[in-house]
Each structure stands twice: as structure tokens, then as C-alpha cells.
S.K.: 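What follows is a structure written as C-alpha cells; I'll ask about it next.
Only a predicted model underlies this, so the values are computations on that prediction, with no experimental measurement involved.
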Amino acid sequence: MIGIQEHKTALMIGVRSRRAYPNGIGETGLFDLLSIMKTRFQKAIRGMFTAGMALTTACGDKSAIKVVAPAIVKSGVPIKALPPLQASVVDAPIEYQVAPILRALNGAVPMKFGDIKQRIQSTTNKRQEFAFEATRTPFKMSLDGDNLTLSTVVTYQGRGWYHPAIGPTVSGGCGDDSIKPKIRVSATSNLKLTSKWQFTPHTKIQTIEPFTTTETDQ
């Protein structure tokens with residue numbers, strides 16, 4: 001009777017706790033309810049065992065009570081343990097917010113590289129010098145499955161100088177202030193998730209090609 005009374009009390013408390021949340025129990029309310037029911041149920045079990053032991057003692061039985069767990073049975077034959085379960089597979093879509101990434105990249109990578117007026121000494125030949133300048137357009141981003149592609153158009157010009165031991169300096173280059181060749185550059189990164197729910201992107205250059213088929217870009 002003690003166990004039944006305690007168990008009913010737990011159920012009654014659970015009902016009152018549910019009414020205390022007019023907008024639904026929610027995660028916090030459910031946790032409180034389960035904690036109350038667990039505590040009350042444990043008290044009920046202890047009460048039943050206490051009553052049983054008291055009754056046994058009153059009847060003069062001095063032997064210790066031993067509780068034996070029931071054997072696991074499958075098709076009427078006892079087995080030692082349950083067979084191992086296969087790993088569960090969760091198939092769920094993942095959304096990428098690429099707009100913040102694109103803004104961060106455009107802010108981190110300079111729009112202009114180099115200076116055509118600044119000569120750079122070659123590290124392998126002291127007689128050689130070169131200069132370059134390149135300007136890029138804002139990055140464009142596209143997503144195809146797990147592959148994210150970043151592309152831009154680069155306008156550039158370059159020039160080189162060679163100082164022979166005898167004779168005047170020889171120079172040559174491509175592009176000038178009025179006409180500058182352009183190239184299209186794109187890089188692709190694989191964003192597949194690992195088994196530990198992490199990104200390990202592998203990036204490679206996808207294309208480097210003339211922007212047009214005109215003589216200027218060749």
C-alpha cells in the first residue's frame with residue numbers, strides 16, 4: 001500500500017506540474033516533472049521493500065533476501081547478452097550561409113596587388129629585375145553539392161629588365177596604362193563533413209584562362 005500510495009502521489013504531482021506551464025511544459029518543465037516522478041517512484045520502491053522486510057521479520061524468517069535478475073530469453077532459450085546493434089544513420093540536409101563568407105573574403109583579400117613602378121630584384125640572377133601590378137574584381141561564389149567555387153577576373157600588367165655585362169639594358173613586358181590583359185581565375189574547395197562533424201576543405205585552382213579570345217587577353 002505504501003508503494004501504491006507513493007506512485008499515485010508522483011502521478012498527481014506530474015499532473016499539477018503540467019498545469020503550471022500554460023504554454024506547454026517545454027524542455028525545463030519536462031525535466032522538472034521527470035525529476036519529481038523519479039524521486040517519488042524511488043521512494044515508493046524503497047517503501048515496498050521496507051514493508052516486505054518488516055513483514056518477513058514479523059513472521060520469524062531470519063534469512064537474507066536475495067534478488068536474482070531474470071535471464072534474457074529469446075525464443076524460449078536463455079541467452080547471455082543481446083546482440084550488438086548496428087550504427088544508426090541520420091540523413092539530414094545542411095544549409096550553408098555563404099553571404100557572410102563572401103563578405104569576409106572580399107574584405108580580407110586586397111583588390112590590388114603589386115606596383116608596376118616598383119622594380120623587384122631577382123633572387124636568382126642579380127642582372128634581372130621585374131615589376132607587376134594586378135587588380136581583381138569582387139569575388140563570386142557558387143555551390144554545387146559539397147563543392148564551393150570562388151571566381152574573379154584579374155586585370156594585370158608586368159615588365160622585366162635585364163642588365164647585360166656589356167651593352168644597354170634590355171626590357172619587355174605586357175600591358176600598359178591604356179591596355180591591360182585580363183584572366184579569369186577560379187578555385188574550388190570541397191566542404192564535405194567528416195565523421196567527427198568537422199570541415200577539412202581541400203582547395204585547388206580550377207581554371208586560369210584568358211578572359212576573352214581577343215589578342216589583348218592572349
Side-chain angles (χ1 to χ4, degrees), residues 1-105 108 139 141-151 186-207:
M1 294 299 293
I2 295 176
I4 296 175
Q5 182 178 357
E6 292 288 341
H7 188 59
K8 288 183 178 180
T9 304
L11 293 178
M12 291 172 63
I13 290 176
V15 173
R16 289 199 296 271
S17 298
R18 183 177 180 87
R19 293 175 181 175
Y21 298 91
N23 296 325
I25 292 179
E27 183 177 353
T28 303
L30 182 59
F31 180 78
D32 294 340
L33 174 59
L34 291 177
S35 298
I36 293 171
M37 294 182 67
K38 177 182 177 182
T39 303
R40 292 293 183 176
F41 188 71
Q42 288 175 342
K43 290 183 178 179
I45 295 297
R46 286 196 296 268
M48 285 190 291
F49 273 103
T50 302
M53 294 183 67
L55 181 61
T56 302
T57 303
C59 293
D61 188 356
K62 304 296 184 179
S63 60
I65 298 177
K66 294 183 180 180
V67 179
V68 180
I72 300 174
V73 178
K74 181 179 181 181
S75 301
V77 180
I79 59 177
K80 294 182 179 180
L82 291 173
L85 298 176
Q86 296 183 353
S88 300
V89 177
V90 178
D91 187 3
I94 298 177
E95 295 183 357
Y96 300 98
Q97 295 294 334
V98 297
I101 301 176
L102 189 58
R103 287 195 297 269
L105 285 172
F139 289 124
M141 187 177 292
S142 61
L143 189 63
D144 182 13
D146 294 329
N147 295 321
L148 185 144
T149 300
L150 198 69
S151 61
S186 64
T188 300
S189 295
N190 184 273
L191 301 180
K192 188 176 182 179
L193 282 172
T194 66
S195 58
K196 296 183 179 180
W197 293 85
Q198 296 176 339
F199 286 117
T200 55
H202 300 282
T203 303
K204 63 178 181 179
I205 298 297
Q206 191 71 20
T207 57

S.K.: Using side-chain contact (heavy atoms from CB on, under 4.5 Å) as the criterion, list what pairs up with L102, not counting sequence neighbours.
M.R.: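 Per chain and number, L102 pairs via side-chain contact (heavy atoms from CB on, under 4.5 Å) with N106, F139, M141, L150.
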
S.K.: List the residues meeting side chain to side chain donor-acceptor pair (under 3.5 Å) with S151, not counting sequence neighbours, and say none if there are none.
M.R.: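 Checked S151 against side chain to side chain donor-acceptor pair (under 3.5 Å); zero matches.
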
S.K.: Say you draw a straight line from NE2 of H202 to CG of N147; how long is it, rounded to the nearest 0.5 Å?
M.R.: 11.5 Å

S.K.: Quick check on side chain to side chain donor-acceptor pair (under 3.5 Å): which of D144, T207, T149 does T188 satisfy it with?
M.R.: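 It is T149, the one option of D144, T207, T149 that forms the side chain to side chain donor-acceptor pair (under 3.5 Å) with T188.
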
S.K.: Return the set of residues passing side-chain contact (heavy atoms from CB on, under 4.5 Å) with T203 (not counting sequence neighbours), or none when no residue passes.
M.R.: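 A187, S189.
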
S.K.: Looking at residues at least two apart in the chain, or sitting in another chain, which of them share a side-chain contact (heavy atoms from CB on, under 4.5 Å) with S88?
M.R.: none

S.K.: With P84, which residues qualify under side-chain contact (heavy atoms from CB on, under 4.5 Å), at least two apart?
M.R.: none

